[in-house]
Protein chains: 2
Amino acid sequence: MNPSLTKKQIAQAKAYCTSERADLEVDPRVEALVNELLGRVADKWTMLVIEVLTTGGEMRFTRIAEAIGGISQKMLTQTLRQMERDGLLVRTVHPVIPPHVDYRLTKMGDSLAEAFCGVWQWAGQHLERIEKARREFDARTAK
Amino acid sequence: MNPSLTKKQIAQAKAYCTSERADLEVDPRVEALVNELLGRVADKWTMLVIEVLTTGGEMRFTRIAEAIGGISQKMLTQTLRQMERDGLLVRTVHPVIPPHVDYRLTKMGDSLAEAFCGVWQWAGQHLERIEKARREFDARTAK
DNA sequence: ATCTATACTTACCCAAAAGAGAGTGTCAGT
DNA sequence: ACTGACACTCTCTTTTGGGTAAGTATAGAT
């Protein structure tokens, strides 16, 4: 898959949602790239870290782990590194002993948090309706 | 974990993003529930199916598979069933031979598509910046 | 001299998720 | 009689995600 992206393709991706999307043909390569990105960026732990840092501001390793609860050191390190690599957060090492490392979201990280808000709100608003739909479906198919 | 949700908790979830979230204490149970929901609803294949059905309208099994590309029958069936159960799409079986089954998004499915738009747009807008961040990170850490 | 705190890394392991591929039922067409 | 179309379902294998536990470095406290 081609990792480069033309201006036109980005314009398409942007236009995708804002316009009436009746017969807008989106280049499959844009889709592939955006999906690959979403797959990495929107995983469980990343979302939780974003949430914690959004509400807590700058925090250090152990405090993030406590705030999330139920994450292993391994997974937290992994997630944090990935997010740093993607430019979603900055990692500041204070060379003291014992070690002290701070994490905070970048502007891009903040903007991702905002983008997620739509989905987050949707989930809050539709939670009950989904649970109802599930109950009905299960009742229907149990027969 | 308690699967029920009070009116107050839903209000909190809704308020979470719209307000200044400085020191808004969100009930951890709301978070747990919304995350569970997002985990199921926002997975890779569900997003792709929503995308395809949003642009393509009512479609049948094989056409969806073609449009997505690279999905196994098993995963498509599984995703579609789950979405039906959650009330995101309706499955219409025409009892003819060979079988003919149509899928289309419900209103709730459409609204989820809209909610995803924020993230989708974000991905389109930040793709290049992320790729740049990655290159820089890799250059930095390769030393 | 030993313990503690902090932020990791490494090695090993398991379970769940996903992919590959074959099988199923039925009728219409050749 | 055989093939193909469609929407699956079943089984088997591979991949991935993620947990546990141990190790590392070093200053300061006990």
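Numbers restart at 1 for each chain; the letters A, B, ... are given by sequence-line order, proteins then strands.
- Of the side-chain N and O atoms in B/R63, none sit less than 4.0 angstrom from OP1 or OP2 of D/dA5.
- Between the CD atom of B/E66 and the P atom of D/dA5 there is a distance of 12 Å, rounded to whole Å.
- In this model, the phosphate group of D/dG19 is approached by a side-chain N or O of A/S72 to a distance below 4.0 Å at OP1 or OP2.
- Rounded to an integer number of Å, the gap from B/H100 NE2 to C/dC27 P is 18 Å.
- Each of B/D102 and A/K74 was matched to the nucleotide of DNA chain D holding its nearest heavy atom; the match closer to the 5' end belongs to B/D102.
- Within the structure, every side-chain polar atom (N or O) of B/R91 is placed at least 4.0 Å from both OP1 and OP2 of D/dA7.
- Of the two residues contacting DNA chain C, namely A/T77 and A/P98, the nearest-nucleotide position lying further toward the 5' end is that of A/P98.
- You'll find the side chain of A/D86 stays beyond 4.5 Å of the side chain of A/M108, heavy atoms only.
- Among the protein residues, A/G70 comes within range of the sugar-phosphate backbone only, with heavy atoms under 4.0 Å from sugar or phosphate atoms but none that close to a base.
- Distances shown here put a side-chain N or O of A/T62 below 4.0 Å from the OP1 or OP2 atom of C/dA7.
- Between A/R91 and A/L80, the closest side-chain pair of non-hydrogen atoms is not below 4.5 Å.
- Checked against B/E136 for a salt bridge (charged side-chain N to carboxylate O under 4.0 Å, His left out), the options B/R134, B/K132, B/R140 give a single hit: B/K132.
- Protein atom NZ of B/K44 is 21 Å distant from nucleotide atom P of C/dA16, rounded to whole Å.
- One atom, CE of A/M59, and another, P of C/dA7, lie 11 Å apart when rounded to the nearest Å.
- Projected onto DNA chain D by closest heavy-atom contact, A/D43 and A/I97 fall at different nucleotides, the more 5' of which corresponds to A/D43.
- The side chain of B/R60 contributes no N or O atom lying less than 4.0 Å from OP1 or OP2 of D/dC8.
- In this structure, the side chains of B/W120 and B/E51 come closer than 4.5 Å at one or more pairs of heavy atoms.
- Residue A/L76 contributes atom CG, which lies 13 Å from atom C1' of C/dT6 at whole-angstrom precision.
- The nucleotide whose nearest atom lies closest to any side-chain atom of A/Q73 is, among D/dG19, C/dT9, C/dG19, C/dT9.
- Across the protein-nucleic acid pair, B/M75 atom CE and C/dA16 atom P stand 15 Å apart, rounded to whole Å.
- For A/W45 and D/dG17, the CH2 to P distance is 13 Å, given to the nearest whole Å.
- Counting only heavy atoms from C-beta on, B/Y103 has its side chain closest to D/dC8 among D/dC8, D/dC6, C/dT6.
- Atom NE2 in B/H94 sits roughly 13 Å away from atom C1' in D/dC6 (whole-Å rounding).
- Between B/R104 and B/V90 there is a side-chain heavy-atom pair separated by less than 4.5 Å.
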